[in-house]
Amino acid sequence: MAQQFEDKFNRKFYYLRLSVTDVCNFKCTYCLPDGYKPSGQKNSSFLTVPEVKRVVSAFAECGTSKVRITGGEPSLRKDFIDIIDTVSSTSGIQKVATTTNGYRMEKQVADWKQAGLTHINVSLDSLDPRMFHQITGENKFTQVMAGIDRAFEVGYEQVKVNVVLMKDLNSQELPNFLNWIKDRPIQLRFIELMQTGEMDDLFHKHHVSGVAIRNQLIANGWILKVRAVNDGPAQVFVHPDYQGEIGLIMPYEKSFCESCNRLRVSARGKLHMCLFGDHGVELRDLLQNDLQQNALMERISQQLQNKSQSHFLHDGNSGITPHLASIGG
Ligand code: SAM
Ligand code: SF4
């Protein structure tokens with residue numbers, strides 16, 4: 001193995017979040033409220049399958065064992081199965097995950113599994129179909145729920161479900177969600193709303209801290225699980241009476257960045273040190289043939305020395321990220 005990717009704060013990077021498209025068919029109020037609009041960038045094609053192979057191989061060679069394929073909506077890629085297959089067949093990659101809005105899951109999840117997808121996160125912001133529609137702009141609640149059921153049928157032992165916590169919208173749904181996961185092996189992950197460049201007053205209107213949920217969980221006998229080395233930043237709680245688990249993702253907590261173990265590559269081949277960083281580093285010129293792998297690893301390694309200790313969200317600075325679909329949430 002080449003030298004492991006590590007930054008100057010001794011953080012090691014086991015986890016790559018790879019965006020494969022900016023495009024999305026949903027209009028989530030906190031992400032693409034007006035729907036997807038092409039960016040008009042000159043080099044506007046998304047990473048090809050051979051480019052994906054090269055970038056993932058370089059990361060794997062330097063210690064990365066987990067890749068999350070994200071977007072936009074990754075399942076909109078016509079070659080999504082080839083992408084999963086390419087990532088999962090890369091030596092050293094043990095976990096291949098995706099984050100999806102679940103729209104295509106019912107029909108396609110069996111093929112995703114067969115291609116080597118080991119973990120799934122589905123976004124489902126409400127258990128009330130009308131609220132789901134209001135938040136995502138799409139009346140697709142039934143399809144997404146059917147997709148989750150199908151994932152269990154085809155053999156996934158656990159499905160993670162992402163819920164963006166929003167005051168006055170879904171923040172009162174904890175009892176319903178708890179009821180839903182009592183007998184289902186779902187890890188339900190409440191994500192605090194994050195402020196991005198294109199968000200106006202939505203953040204101030206709807207942001208709510210996960211602390212109230214954490215306090216309720218602890219008061220009701222939920223216990224914090226110990227983190228494994230390539231786990232994400234979620235604080236995961238378990239309870240003996242529940243098959244499901246609760247994860248809390250609270251990027252505004254002080255210690256959030258201490259355990260950062262992930263890097264991001266955008267759908268157009270830029271390396272991002274942080275979801276809320278201020279620039280992306282071009283990798284695409286080094287993805288055009290297999291002979292440049294060493295140069296690629298070297299560039300990533302060098303750039304890691306510029307990774308900041310923490311994001312600056314507390315100061316209202318969300319970097320260049322206009323919305324999470326743009327560099328892969
Ligand atoms: N389209 C896929 C989906 O929605 O699952 C994958 C991409 S999406 C950008 C990844 C995750 O980021 C989703 O769970 C979404 O809810 C979350 N997300 C998007 N914008 C967010 C924001 N401003 N704050 C918190 N979470 C956000
Ligand atoms: Fe699309 Fe996901 Fe953004 Fe919703 S959160 S608009 S599903 S990319």
Side-chain angles (χ1 to χ4, degrees), residues 17-37 39 46 68-77 80 83 97-105 109 112 117 119-126 131-141 143-144 147-148 151 159-167 169-171 186-210 232-234 247-253 256 262 264 266-267 272 275-276 311 313 316 318-319 321-329:
R17 294 179 76 106
L18 177 68
S19 178
V20 293
T21 182
D22 297 353
V23 182
C24 189
N25 54 339
F26 277 30
K27 301 184 194 72
C28 299
T29 43
Y30 46 74
C31 184
L32 295 173
D34 303 319
Y36 172 71
K37 302 249 179 356
S39 68
F46 300 126
R68 176 171 304 280
I69 306 168
T70 184
E73 176 48 39
S75 67
L76 292 180
R77 282 276 301 241
F80 187 46
I83 293 174
T98 195
T99 305
T100 174
N101 61 26
Y103 169 68
R104 299 219 159 149
M105 253 175 73
V109 69
W112 300 352
L117 190 78
H119 293 75
I120 296 188
N121 286 46
V122 191
S123 300
L124 181 85
D125 290 327
S126 176
M131 181 57 73
F132 177 91
H133 189 171
Q134 187 179 334
I135 298 177
T136 62
E138 289 292 325
N139 193 11
K140 298 284 189 313
F141 176 80
Q143 283 94 319
V144 178
I148 294 173
V159 173
K160 291 183 178 170
V161 172
N162 291 358
V163 181
V164 177
L165 199 55
M166 294 177 87
K167 187 162 64 187
L169 291 175
N170 60 9
S171 56
I186 285 179
Q187 187 186 101
L188 193 77
R189 300 151 67 84
F190 288 107
I191 307 174
E192 277 183 15
L193 181 63
M194 295 176 236
Q195 188 168 19
T196 55
E198 284 182 0
M199 217 176 260
D200 37 28
D201 63 346
L202 184 107
F203 178 79
H204 298 288
K205 213 162 147 193
H206 294 297
H207 176 260
V208 55
S209 156
L248 291 177
I249 300 176
M250 298 165 60
Y252 292 88
E253 282 225 319
F256 185 76
R262 76 259 329 267
R264 293 166 195 271
S266 75
H272 290 267
L275 190 50
F276 300 104
H311 60 58
L313 282 178
S318 55
T321 306
H323 44 69
L324 265 53
S326 65
I327 67 167

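Indexing begins at 1, ligand by ligand and atom by atom, following the structure's order. In this text, all values refer to a predicted model and were calculated from it rather than measured experimentally. Along the sequence shown, residues are numbered consecutively beginning with 1.
- Near Glu192, meaning under 4.0 Å from any of its heavy atoms, are these atoms of ligand 1: 25 (C).
- Using a 4.5 Å cut-off on side-chain heavy atoms (C-beta onward), Leu117 and Thr98 make contact.
- Atom OG1 of Thr99 is separated from atom CD1 of Ile69 by 10.0 Å, given to the nearest 0.5 angstrom.
- Under a cut-off of 6.0 angstrom, the local environment of OH in Tyr103 is sparse, with at most 12 non-hydrogen atoms contributed by other residues, nucleotides or ligands.
- In terms of polar-atom proximity, Thr196 is not counted as a contact of ligand 1, lacking any N or O under 3.5 Å from an N or O of the ligand.
- In this structure, the side chains of Val20 and Phe46 stay at 4.5 Å or more apart for every pair of heavy atoms.
- Heavy-atom contacts of Asn101 reach the following atoms of ligand 1: 2 (C), 3 (C), 5 (O) (cutoff under 4.0 Å).
- Asn101 places a side-chain heavy atom less than 4.5 Å from the side chain of Cys24.
- Taking every non-hydrogen atom of Thr100 and a distance limit under 4.0 Å, the qualifying atoms of ligand 1 come out as 2 (C), 3 (C), 5 (O).
- Atoms of ligand 1 lying under 4.0 Å from at least one heavy atom of Asn162, given by number and element, are 14 (O).
- Every atom of ligand 1 with a heavy atom of Gly72 under 4.0 Å away is listed here by number and element: 1 (N), 2 (C), 6 (C), 7 (C).
- Residue-ligand proximity: Gln195 is placed with every non-hydrogen atom at 4.0 Å or more from ligand 1.
- Those atoms of ligand 1 with a heavy atom of Gly71 less than 4.0 angstrom away are 7 (C), 9 (C).
- The contact set between ligand 1 and Ser123, taken as ligand atoms under 4.0 Å from a residue heavy atom, comprises 3 (C), 4 (O), 5 (O), 13 (C), 14 (O), 16 (O).
- Contact annotation: the side chain of Ser171 never approaches that of Met166 to less than 4.5 Å [non-hydrogen atoms, C-beta and beyond].
- Around atom 3 (Fe) of ligand 2, the protein N, O or S atoms closer than 2.8 Å are Cys31 SG, listed by chain and residue number.
- For the pair Met194 and ligand 1, the shortest N or O to N or O distance falls below 3.5 Å.
- Partners of Lys167 according to the salt bridge (Lys or Arg N to Asp or Glu O under 4.0 Å) rule, which considers only residues two or more places apart in sequence or in another chain, do not exist here.
- Close approach of ligand 1 to Thr99 is summarised as follows: ligand atoms under 4.0 Å from at least one heavy atom of the residue are 2 (C), 5 (O), 6 (C), 10 (C).
- Paired with Val161 under the rule side-chain contact (heavy atoms from CB on, under 4.5 Å), one option of Ile148, Asp125, Val144, Ile120 passes, and it is Ile148.
- The structure places CD of Glu138 at 8.5 Å from CZ of Phe132, a figure rounded to the nearest 0.5 Å.
- No side-chain heavy atom of Ser75 sits under 4.5 Å from any side-chain heavy atom of Met105.
- Taking the centre of each ring, Tyr252 and Phe203 come in below the 6.0 Å mark.
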